[in-house]
Number of protein chains: 2
Amino acid sequence: MSEVAATGISVLLVDDHPIVRQGYRRVLESQGDLHVVAEADNAADAYSAFKAHNPDVVLLDISMPGASGLEAIRNIRARSPRARILVFTMHNEAVLVKAAFSAGASGFVTKSSEPSAVVTAIRAVARGERAMSDDIAHILAEDSLSAGSALDQLGEREIEILRQFAGGATTEQIATHLNLSVKTVQNYHYLIKTKTGARTDAQLVRLAASCGLTRI
Amino acid sequence: MSEVAATGISVLLVDDHPIVRQGYRRVLESQGDLHVVAEADNAADAYSAFKAHNPDVVLLDISMPGASGLEAIRNIRARSPRARILVFTMHNEAVLVKAAFSAGASGFVTKSSEPSAVVTAIRAVARGERAMSDDIAHILAEDSLSAGSALDQLGEREIEILRQFAGGATTEQIATHLNLSVKTVQNYHYLIKTKTGARTDAQLVRLAASCGLTRI
DNA sequence: TTGCAGCTCGGGCAAATTTCCCAAGCAGGA
DNA sequence: TCCTGCTTGGGAAATTTGCCCGAGCTGCAA
């Protein structure tokens, strides 16, 4: 599968900051068995680079501008289900982690991790294992024991209310639009938060945006 | 002034992500004339490391959790007015740039810059010059011509609280991070909403995102 | 020097909202 | 049929919001 399978692990680096990519490249290549075969700074380039180089592991920073990193994951996995994607970001919200895994990521590592943990995760993902840093494991464990992606567990009505809410509508406006009582909208609001694991309205808006429900 | 003045430029690296620091260190040290003499992952350590090593340049990422990077700048400059601080961040909002300069920064470079631009800026700052990346210059130039965005009416504290809030932090978390009472954070929250004209929290998040304060 | 303006920080308190708990109607599937 | 899940809302306690206030501080200008 890999062009350098015999000699090490090939890595595609996706991050929108050039100097960050350069730094990662040096850290990874100092390991001996890791080789950065390509870089990309956005979701679209990430996919074409993936096709061109077919790397063993994609190291992907989700906090990119423009298209959501989640879309990049889905794009790559849709065409290459064997792709191994290790998400690497400074965010550590449970909803994001779950969304990344359900989009097809093989691992999730935060930037707070030690470099050695990142390298270890890359090797694990390359072997086909699932990998995550300790803080992520802790957050997931604590968050909830229920599986499923953030939005997949929402019904149609909940999705619609979340969309309008994240779009900036007030509770009264949503109630009027949908011909519901304010109380019902409030209950949905609460339900959506508990289902998705969002602790604040802001997290809800970010979740909706990162899932493509609303655009900013 | 510098302990390695004759042989190069000493740099103190401040960023909260270990692997990012490691990457920067390798990029900078590959230059020959740049030496990373210390690292720090928070504002408090940054100041003690500065005192201990008296570096030529502090390369500071402002998007750190906890105390604002602006405070770190002020802390260092208050005790060592000759300190050269180069702010290095992925944010490119004009208000942030202006705040950094007025807090005493010598330069401002975004992570979108090429590594060579960052290195050039470090050398310029070390010579006592003011430095900023092209995109920042462009943003500042455009900002000075525009009527002003919704964020221009916000004070530094308000900007910081808005950033954390829009990033998904709860009121308690913000209060803890900034060492404020919950009540004060709530008051700021309300003030920000009235100043910006946002009617819901979701609108606030969208505003912050559209101004580049936070990224979704 | 005085004074004003603006930022920062928080108290107070009524009004509103959120957080949970609950029930009931209804659809679809085992 | 029963059971599950969605939709719709009531109720009540807990919390937050909206808006008022004062106090300390800084910088600036008269």
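Only heavy atoms go into these numbers, but all of them, side chains included; no hydrogens, no water, no symmetry mates. This is a predicted model, so every value here is computed, not measured. Chain letters run A, B, ... following the sequence lines, proteins first and then strands; every chain starts at 1.
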Worksheet item: Is the number of heavy atoms from other residues, nucleotides or ligands within 6.0 Å of CG (B:D134) greater than 12?
Response: no

Item to complete: Determine, for nucleotides 7-16 of chain C in 5'-to-3' order, which nucleotides have protein heavy atoms under 4.0 Å from the base (write B), from only the sugar-phosphate (write S), or from neither (write -).
Response: -SSBBBB---

Worksheet item: Who are the side-chain contact (heavy atoms from CB on, under 4.5 Å) partners of A:A169, not counting sequence neighbours?
Response: A:Q164, A:Q173, A:I174

Please output the side-chain donor-acceptor pairs of residues 178-186 of chain B that fall under 3.5 Å, not counting sequence neighbours, one pair per line with the distance.
from, atom 1, to, atom 2, distance (Å)
B:S181, OG, B:K183, N, 3.4
B:S181, OG, B:T184, N, 3.1
B:S181, OG, B:T184, OG1, 3.0

Worksheet entry | Under the ring pair (Phe, Tyr, Trp, His ring centres under 6.0 Å) test, residues paired with A:Y188 that sit two or more places apart | none

Item to complete: Indicate the ring-plane relationship of A:Y24 and A:F88, choosing parallel, tilted or perpendicular according to the 30° and 60° boundaries.
Response: perpendicular

Worksheet entry | Salt-bridge present (B:K193, B:D201; N to O < 4.0 Å) | yes

Practice prompt. Flag the pair B:R163 and B:E160 as a salt bridge only when some basic side-chain nitrogen lies within less than 4.0 angstrom of an acidic carboxylate oxygen.
Written response: yes

Discussion item. Using a 4.0 Å cut-off to any heavy atom of chain A, which nucleotides of DNA chain D are the first and last in contact, reading 5' to 3'?
Written reply: D:dT7 to D:dA12

Item to complete: Note down the inter-axis angle between the two ends of the helix from C:dT1-D:dA30 to C:dA30-D:dT1, five pairs each, to the nearest 10°.
Response: 30°

Practice prompt. Determine whether B:V36 and B:E29 make a side-chain contact, defined as any pair of heavy atoms from C-beta on separated by less than 4.5 Å.
Written response: yes

Worksheet item: What distance do A:N42 atom CG and A:S48 atom OG have between them, rounded to the nearest 0.5 Å?
Response: 8.0 Å

Practice prompt. Could you grab the distance from atom CD1 of B:I19 to atom OG1 of A:T110, nearest 0.5 Å is fine?
Written response: 10.5 Å

Discussion item. Strictly below 4.0 Å: does A:Y190 bring a side-chain N or O up to OP1 or OP2 of C:dC20?
Written reply: yes

Discussion item. Could you tell me how far apart A:K193 (NZ) and C:dT19 (C1') are, to the nearest whole angstrom?
Written reply: 9 Å

